[in-house]
Amino acid sequence: MGYWLLKSEPGEFSIDDMERVGVEPWDGVRNYQARNWLRDHMQVGDQAFFYHSNCKEPAIVGIVSVASPAYPDPTQFDPRDKHFDPKSRPDDPRWWLVDVRFERRLRRPVTLRELKEREEELEGLALVRRGNRLSVMPVTPQQWAFILGLEQQPESG
DNA sequence: GCCAACGTTGGC
DNA sequence: GCCAACGTTGGC
């Protein structure tokens, strides 16, 4: 079982939206490293943290699961879509996605600030590295378990 | 292949 | 809204 973290701007698509729709195509990823994780490493059934970025309180707020194998992101071929990529060809798609399924909310948001305070335990997690912009990143089983442990504690600091 | 310019991300 | 960090682009 693989573990991941997916960023989403709550102004665009929040955990509320995720819960309401149930299953969502994770489209719009336009970063090659993130694309590679999606396309080459995600497996159906993998678990992922749902992270709110670029907002008042950046935090992990929920858990989703991978609900489909990777397939070409249809928005790259739609000229009216803001994620349209004129250089991508249907016979050689550049951008891929998976469907994700809502699993649950965390008992409380586990904030970025809090995660950074525990950098010793979360060493290597891209999210807490300075300047990181990756929107799809792997999480180790140890990091996954540690963050689930944080969820069970009241926020400190 | 270098690297300056530019656009985007995302915390603050 | 600011701006540092980073990825991409394109001239050379």
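What you see is a predicted model, and the numbers here were worked out from it, not measured in a lab. Letters go in sequence order (proteins before strands), and every chain restarts at 1.
Contact annotation: A:Tyr51 side-chain N/O to B:dG11 OP1/OP2 distance is under 4.0 Å. The phosphate of B:dT9 has neither OP1 nor OP2 within less than 4.0 Å of any side-chain N or O from A:Lys7.
With rounding to whole Å, A:Glu12 atom CD is found 13 Å from B:dG10 atom C1'. Put simply, CD on A:Glu117 is 15 Å from C1' on B:dG11, counting in whole angstrom units. When the P atom of C:dG7 is taken as reference, atom CE of A:Met137 falls 12 Å away, rounded to whole Å. At whole-Å resolution of the value, CG in A:Leu134 and P in C:dT8 are 11 Å apart. Separating the CG atom of A:Asn132 from the P atom of B:dC12 is a distance of 12 Å, rounded to the nearest angstrom. B:dT9 atom P lies 7 Å from atom CD of A:Glu9, rounded to whole Å. With rounding to whole Å, A:Arg94 atom CZ is found 12 Å from C:dT9 atom C1'. Rounded to whole Å, the distance from NE2 on A:His52 to P on B:dG11 is 12 Å.
A donor-acceptor distance shorter than 3.5 angstrom exists from the side chain of A:Gln143 to the backbone of A:Thr140, with no hydrogens or angles considered.
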Report task. Dump the intermediate steps for ring pair (Phe, Tyr, Trp, His ring centres under 6.0 Å) on A:Trp95 and A:Tyr32, then the final yes or no. Result -> CA-CA 8 Å; A:Trp95 305 115; A:Tyr32 287 103; 4.7 Å; yes
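For A:Tyr32, whose side chain is taken as the heavy atoms from C-beta onward, the closest listed nucleotide among B:dG11, B:dG10, C:dT8 is C:dT8. Of all nucleotides listed (C:dG10, C:dG7, B:dG10), C:dG10 comes nearest to the side chain of A:Lys87. Among B:dC12, B:dG10, C:dG10, the nucleotide with an atom closest to any side-chain atom of A:Lys116 is B:dC12.
Side chains of A:Thr75 and A:Arg30: a donor on one and an acceptor on the other come within 3.5 Å.
Along DNA chain C, the nucleotide nearest to A:Asn54 and the one nearest to A:Asn31 differ in position, and the one closer to the 5' end is contacted by A:Asn54.
Closest approach of A:Ile15 and A:Phe50 over heavy atoms only: N-CE2, 3.5 Å.
For the side chain to side chain contact (heavy atoms under 4.5 Å, CB included) test with A:Ile63, the passing option among A:Glu151, A:Arg105, A:Arg104 is A:Arg104; the others fail.
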